[in-house]
Every structure is written in C-alpha cells, then in structure tokens.
Amino acid sequence: MKSRQQITIRHRGLLFCLLLTAGMWCHAPAQTIPTYNLHTVGNTKPADEAYQSYDVGVHYMINLTLPDVENAPESERKVLSAIRDTVLNRVFELTFIPGDTRYAELIKQYRKNMNDFLVELMTPFDEESLYLYKCYIDANGILSDIVDGKPLDKKQPFISYYLSNVRLAGNTITSYEMLTFDRKTGQLLTAYDLLDFTNDNQIKITKLIEQEFYKNHPEKVPYDDNIYSGVSFEICKDGLKYYIPTDNLRDPLVYVFVPKKEMMPFVKKGSLLYRYWK
C-alpha cells in the first residue's frame with residue numbers, strides 16, 4: 001500500500017500530464033465560462049466507538065473543476081448543470097443539493113456515507129483484516145477544453161469532462177474516462193449513442209482499436225484485454241482517441257487514435273457524431 005503523500009504527488013502529476021496530452025490532440029475555439037474548484041481533503045473514521053482505537057478510516061482527496069452554474073450566462077446553465085450533476089454523482093454517488101453552491105452540505109453527507117460504509121464493512125469486526133478498512137480515494141476532474149484555454153464553443157456539438165478516480169481499499173480500482181456531453185442538452189453520451197454496434201460491428205471496432213494499438217506496441221502486453229469497443233474515448237475532428245487502461249498506477253493509460261475514415265463506417269446514422277463528421 002502506497003503512502004498518502006506518494007498517492008497525492010503521483011496522481012496530481014499524472015492528471016497534469018494526461019490533460020496536457022489531451023489538449024495537444026483536440027482543439028476548438030471557444031468563450032470563457034466561470035468555474036469553481038471543489039477541493040476537499042479529509043479523513044473519516046467509523047462512528048462506532050468500538051473502532052475508534054484502530055488506525056482505520058477513509059482518506060479522500062477530491063479536486064474537481066466544475067462549472068459555476070449560478071454565475072454562468074443563463075443560456076448556458078442547463079448544459080452546465082447537467083455536467084456538474086453528472087460529475088458529482090460519479091465521484092460522490094450523491095445528487096446535487098439545490099442551493100448548496102459551495103458543496104458544504106454535499107461533502108457533509110459524503111463523510112456520513114463513508115462512515116456508514118466503514119461500519120457496515122467492519123461488521124462483524126475482523127482485526128486481521130485491518131488493511132481492508134483503510135481506504136484512499138483520489139478523484140480529479142476538469143472540463144477538458146478549459147485546459148486549452150478554450151472552454152466552450154457554441155459551434156461544437158460536444159463538451160467533454162476528464163475524470164480520474166482511484167480507490168485503494170485492499171485492491172486498487174481505477175477509472176480514467178472522458179465524459180462526453182451533448183453541447184445543447186447536457187446529455188451524457190456513450191459509445192452506444194454514437195456508434196452502431198449491430199451485427200458484428202462491436203468485434204470489428206475492437207479489432208480496429210487493437211490494430212492501432214499494436215502499431216505502437218508490437219510486443220504483447222499484459223493489459224491488452226482492456227481493449228474493447230466501449231472503452232472511454234475523446235472525440236476529435238479527425239478521429240477518436242481511445243483511453244486504454246493498463247492496470248498500472250505508474251503508467252495508467254495508453255492512448256490509441258483511430259482516424260475518422262476508419263471509424264466512419266461504424267458511426268450511427270443520424271447521431272451527433274455522424275452530423276459532426278459529415
């Protein structure tokens with residue numbers, strides 16, 4: 001188990017590198033929107049007095065750049081609210097509380113949920129399993145276009161949010177994803193909304209990603225099973241950039257770019273991506 005300091009330094013540096021790379025791939029002209037940085041670091045311990053003497057609990061480090069909906073232009077609030085609410089639900093597993101513009105109530109509820117989770121996890125209590133009762137949560141997120149200094153463009157049909165989530169609790173659970181939203185409605189879009197997976201297209205798309213992957217990684221690697229048609233991707237003007245998780249905290253992602261001409265036969269007719277690329 002890595003120390004808290006190691007985890008913090010590694011992932012802050014990782015997020016910067018990932019977002020810098022993302023900014024080099026996709027660019028779009030835009031206008032500035034207000035944002036709010038939800039930054040919270042803390043420790044929780046199980047509320048039950050029986051566990052107070054043990055070194056257990058949840059240490060969380062959460063750093064999210066969120067749209068400041070209340071200070072955004074009224075015409076943008078619908079889409080920005082949808083993005084904010086989706087991200088909060090992904091990270092905290094809670095819905096936004098109306099009026100809680102600085103998220104104090106949400107964080108309070110989150111801490112309570114973490115404590116309740118620990119008590120449930122530790123009942124019945126097993127002292128030999130203490131390592132399972134010490135959890136680290138590290139979540140970071142930012143509107144991807146803001147990294148380029150180009151937050152929103154009304155001409156673009158998409159707006160993206162990069163989110164990384166690492167949880168250490170005995171095992172390591174990692175999630176690195178580019179959340180893609182409909183620019184007009186704020187609907188979260190998945191591969192199934194944009195790509196045609198009928199017939200054997202799902203297999204063909206996976207093979208396409210694999211082919212591009214092995215151009216730069218000719219040797220067989222232990223994480224090639226992580227390549228599949230529904231893996232997270234970023235939309236660019238000239239293709240899709242897929243995020244392939246490696247299950248390696250030191251080098252957690254490999255990028256695979258599939259050109260538009262290769263992907264176009266698999267784009268769902270009439271979808272937002274189809275209209276964008278056409």
Side-chain angles (χ1 to χ4, degrees), residues 14-15 17-28 86-87 89-90 139-141 144-145 156-167 171-183 187-278:
L14 167 64
L15 181 64
C17 293
L18 290 174
L19 292 171
L20 180 62
T21 303
M24 294 171 63
W25 279 74
C26 300
H27 299 272
T86 298
V87 172
N89 187 263
R90 290 272 179 134
N140 295 274
S144 64
D145 299 307
Q156 295 293 323
F158 307 105
I159 179 170
S160 300
Y161 192 97
Y162 177 79
L163 181 63
S164 71
N165 206 330
V166 179
R167 295 171 179 251
N171 294 321
T172 302
I173 302 174
T174 61
S175 174
Y176 305 94
E177 56 187 338
M178 185 66 75
L179 304 175
T180 301
F181 299 87
D182 184 317
R183 173 67 182 79
Q187 176 190 353
L188 178 63
L189 301 169
T190 69
Y192 293 90
D193 296 311
L194 304 174
L195 302 178
D196 181 4
F197 287 137
T198 59
N199 302 320
D200 59 349
N201 282 355
Q202 196 159 357
I203 297 173
K204 291 178 180 178
I205 293 172
T206 300
K207 287 184 177 179
L208 258 183
I209 303 171
E210 288 177 343
Q211 288 172 6
E212 295 297 328
F213 175 84
Y214 285 117
K215 286 180 182 178
N216 296 317
H217 301 83
E219 73 283 1
K220 186 173 177 62
V221 291
Y223 48 82
D224 57 354
D225 287 342
N226 292 342
I227 300 174
Y228 59 97
S229 59
V231 71
S232 181
F233 59 81
E234 181 177 359
I235 298 171
C236 299
K237 288 183 178 180
D238 52 354
L240 298 181
K241 182 176 69 168
Y242 283 92
Y243 292 12
I244 309 301
T246 67
D247 303 324
N248 181 349
L249 284 178
R250 293 184 179 274
D251 187 20
L253 285 178
V254 170
Y255 301 114
V256 174
F257 184 76
V258 182
K260 179 173 74 173
K261 65 179 181 179
E262 302 290 342
M263 288 300 308
M264 199 64 198
F266 306 107
V267 176
K268 186 177 289 186
K269 297 289 178 62
S271 69
L272 208 56
L273 181 58
Y274 183 85
R275 298 196 299 270
Y276 177 52
W277 276 353
K278 275 292 185 180

Kindly say whether Gly141 contributes a backbone atom to a donor-acceptor pair with the side chain of Tyr161 at under 3.5 angstrom?
yes
Tell me, please, which residues at least two apart from Lys215 pass salt bridge (charged side-chain N to carboxylate O under 4.0 Å, His left out).
Glu212
Ring center gap for Phe158 and Phe181 short of 6.0 angstrom
no
Less than 6.0 angstrom separating the ring centers of Tyr192 and Phe197, yes or no?
yes
When rounded to the nearest 0.5 angstrom, what is the spacing between NZ in Lys204 and CG in Asp196?
10.0 Å
How long is the span from the CG atom in Asn201 to the CZ atom in Phe266, to the nearest 0.5 Å?
5.5 Å
Within a strict 4.5 Å, meaning less than it, do heavy atoms of the Arg90 and Leu188 side chains meet?
yes
Checking ring pair (Phe, Tyr, Trp, His ring centres under 6.0 Å) against Phe233, which of Tyr162, Tyr176, Tyr242 comes through?
Tyr242
Quick one: are Lys278 and Lys269 in side-chain contact, heavy atoms under 4.5 Å?
no
Ser160 side chain to Met178 main-chain N or O, any donor-acceptor pair under 3.5 Å?
no
In terms of heavy-atom contacts, Val87 and Leu179 come closest through CG2-CD1, 4.3 Å
Derivation and outcome, side chain to side chain contact (heavy atoms under 4.5 Å, CB included), residues Asn165 and Thr174:
CA-CA 6 Å; Asn165 206 330; Thr174 61; over 6 Å; no
Check the pair Ile235 / Leu194 against side chain to side chain contact (heavy atoms under 4.5 Å, CB included), numbers first and verdict last.
CA-CA 11 Å; Ile235 298 171; Leu194 304 174; 3.8 Å; yes
Between Asn89 and Thr86, do the side chains contain an N or O donor and an N or O acceptor separated by less than 3.5 Å?
no
Do Leu273 and Leu195 come close enough that some side-chain heavy atom pair is under 4.5 Å?
yes
Would you say Arg275's side chain and Gly270's backbone share a donor-acceptor pair under 3.5 angstrom?
yes
Smallest heavy-atom separation, Ile227 atom then Thr206 atom, equals O-CG2, 3.8 Å
Checking side-chain hydrogen bond (donor to acceptor under 3.5 Å, both in side chains) for the pair Glu234/Tyr243: CA distance, chi angles, key distance, verdict?
CA-CA 8 Å; Glu234 181 177 359; Tyr243 292 12; 2.9 Å; yes
Does the structure place the NZ or CZ of Lys241 under 6.0 Å from the centre of the six-membered ring of Phe257, at an angle of no more than 45° from the ring's axis?
no
To the closest 0.5 Å, what do you measure between CD1 (Ile159) and CG (Leu189)?
12.0 Å
Could you go step by step and tell me if Leu272 and Asp182 meet the side chain to side chain contact (heavy atoms under 4.5 Å, CB included) rule?
CA-CA 8 Å; Leu272 208 56; Asp182 184 317; 3.7 Å; yes
Please assess Ile209 against Ile244 for the test side chain to side chain contact (heavy atoms under 4.5 Å, CB included), listing each intermediate value before the final yes or no.
CA-CA 10 Å; Ile209 303 171; Ile244 309 301; 4.1 Å; yes
Verdict with supporting geometry, Gln156 and Tyr276, side-chain hydrogen bond (donor to acceptor under 3.5 Å, both in side chains):
CA-CA 8 Å; Gln156 295 293 323; Tyr276 177 52; 3.2 Å; yes
